[in-house]
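Lettering of chains follows the sequences in order, A, B, ..., and the numbering in each one begins at 1.
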2 protein chains.
Amino acid sequence: MKTRRPLADSTAVHDQVYEAIRQALITGRIAPGKGVSLRSLAAELSVSPMPVRDAVRRLVAERALAINPVNKRLSVPSLSADRLEQLSMARLWVEPELAARAAARADTGLVRQLQAIDSDLDEALRLGDVDRYMAANHAFHFALYERAGAEVLLAMAGGLWLQIGPFMRVVFGRVGADVLVADRHAEAIEAIRAGDVDGARRAIAADLSEGMEKMRVAVEAAL
Amino acid sequence: MKTRRPLADSTAVHDQVYEAIRQALITGRIAPGKGVSLRSLAAELSVSPMPVRDAVRRLVAERALAINPVNKRLSVPSLSADRLEQLSMARLWVEPELAARAAARADTGLVRQLQAIDSDLDEALRLGDVDRYMAANHAFHFALYERAGAEVLLAMAGGLWLQIGPFMRVVFGRVGADVLVADRHAEAIEAIRAGDVDGARRAIAADLSEGMEKMRVAVEAAL
DNA sequence: TCCCAATAATTGTGATCACAGTTTTCCGAG
DNA sequence: CTCGGAAAACTGTGATCACAATTATTGGGA
């Protein structure tokens, strides 16, 4: 296919490829431990290997993909209890911090936005729609975090979510989405509405802590 | 130049390019805010644009290089007090944690290694050799952190150092290396030798805290 | 001296090919 | 049926070219 992209203001192909692989990783469409290749990904996405190469470099740098140091082949990082523990600790530091900063800068618009996302999340949960639940959960957290105005920390959080993505799918695959009903989102929203910075921090910390604990149990059972 | 790389066990060209640019960034040979280009970097390093492209993708993902979202041009991220504050907070969480974990797994070999690096560091300081000091300082911290056996956290720390690199050069450029004489390395070594995990955490936290405060002052003065 | 248009140089992006190393496939000997 | 080795397919890497877009330069009219 020799079609050329005519304009530059449109998002570059390698960015679309990045997003496609990222989603496939998070939603578990590419299983952890599985090997992938530039050309196979390119064929699957109907693009040339070139933009895939760019996207993959980025994902490797973000540790969402691993590269075998000896034969240089690509694979999805395997899940390990050790990795999960480190990712949990890191999330448990960064994300409550982002939540606290966001709470300090929140307004009624943010509160309404979070409420809307959370009700969408509840509906997805009620319907048992795992994909929609995961999307809504991601949307909730990052709508909040973005308000913190902390670019560096936000990027760290994004990288951690990307690495944790495959773990989440394992949990859902094992126990189903219904186990995750109990979240602390309402608690967080209430704290944000009240301008309670430290309450928002605690609510998000509790939300994460409980979620990660479920993952820990699921992973331990899976290994 | 059409010379082909004959072997695959040797490090790939794009890795060498990555390391070269990384070093140039950390040591401040490429000034913050300055624009760079694939072809100029390639010419400077006497390689084709291709491996540079790979290395740059990686550096952008690690936020050691920035990419203008409108004209897609590359530049070195500018220093800002806000960015420094976030990087400081992140380092102040990750690195003491790594130090603590390393202290729990330390042996006499590590202690000797750290002592050797630290005496090299002191000599560099005495000679006023900034490059050597920075290399030794990096070596000290990461010789310690690697012992933690925490790959995820170690990678986070590495990324943070890369982002903080340009800031360090500003400090040295302004005040000279002699200001940084007072570090907490001896304190940290002693804690590690004694198996005092929390002491190691505190020593590294103090070391970082003092260093970052100096950077903060320097950056504030520079802006 | 100043300013604006036209040209030239430079930029990131994508496609395609070449190459060497590794992995898989496959077929025939035992 | 099993095993081993040769051939084929596939892998990441690097070079080179094309293209559209942006930036720099230059020249001439006011």
Does B:Arg53 make a side-chain N or O approach to OP1 or OP2 of C:dT11 shorter than 4.0 Å?
no
Could you tell me whether a side-chain N or O of A:Asp107 sits under 3.5 Å from a main-chain N or O of A:Leu110, the two making a donor and an acceptor?
yes
Whole-Å distance, A:Leu41 CG to D:dT11 C1', equals 12 Å
Check this for me: A:Glu213, atom CD, are more than 12 non-hydrogen atoms of other residues, nucleotides or ligands nearer than 6.0 Å?
yes
Parallel, tilted or perpendicular: rings of B:His138 and B:Trp161 (30°, 60°):
perpendicular
Can you tell me if B:Arg39 touches the phosphate of D:dT16, counting only side-chain N or O atoms and a distance under 4.0 Å to OP1 or OP2?
no
Could you tell me how far apart A:Asp54 (CG) and D:dT13 (P) are, to the nearest whole angstrom?
12 Å
Nearest to side-chain heavy atoms of B:Ser40, which nucleotide of C:dT11, D:dA15, C:dG21
C:dT11
Looking at every strand, decide which applies to B:Val52 at a 4.0 Å heavy-atom threshold: base, sugar-phosphate, or nothing.
nothing
A:His14 has a side chain; which of C:dA15, D:dT16, C:dG14 sits nearest to it?
C:dG14
Look at B:Ser37 and C:dT11 and indicate whether a side-chain polar atom (N or O) is within less than 4.0 Å of OP1 or OP2.
yes
Less than 4.0 angstrom between a side-chain N/O of B:Asn71 and OP1 or OP2 of D:dT23, yes or no?
yes
Atom CZ of B:Arg58 and atom C1' of D:dT13: how far apart are they, to the nearest Å?
15 Å
Between B:Arg101 and B:Glu151 (salt bridge meaning N to carboxylate O under 4.0 Å), is one present in this structure?
no
Quick one: B:Leu59 CG to C:dG12 P, roughly how many Å, whole number?
14 Å
Which angle, to the nearest 10 degrees, lies between the helix axes at the two ends of the helix from C:dT1-D:dA30 to C:dG30-D:dC1, each defined by five pairs?
0°
Report which part of the nucleic acid A:Val56 touches: base, sugar-phosphate, or nothing (heavy-atom distance under 4.0 Å, all strands).
nothing
Round to a whole Å and report the spacing from CZ of B:Arg57 to P of C:dG14.
8 Å
Minimum-distance nucleotide to A:Arg73 side chain [options: C:dT13, D:dC10, D:dT13]
D:dC10
Can you check the A:Lys72 NZ to C:dT22 P distance for me, whole Å?
10 Å
With a 4.0 Å cut-off on N to O distance, would you call A:Lys214 and A:Glu210 a salt bridge?
no
Could you state the CG-P distance from B:Leu38 to D:dA15, rounded to the nearest angstrom?
13 Å
Under 3.5 Å, is there a donor-acceptor pair between the B:Arg58 and B:His14 side chains?
no
Output the rounded distance in Å from CE (A:Met50) to P (D:dC17).
16 Å
Quick one about A:Tyr145 and A:Glu97 (side-chain donor to acceptor, distance below 3.5 Å, no hydrogens or angles considered), yes or no?
no
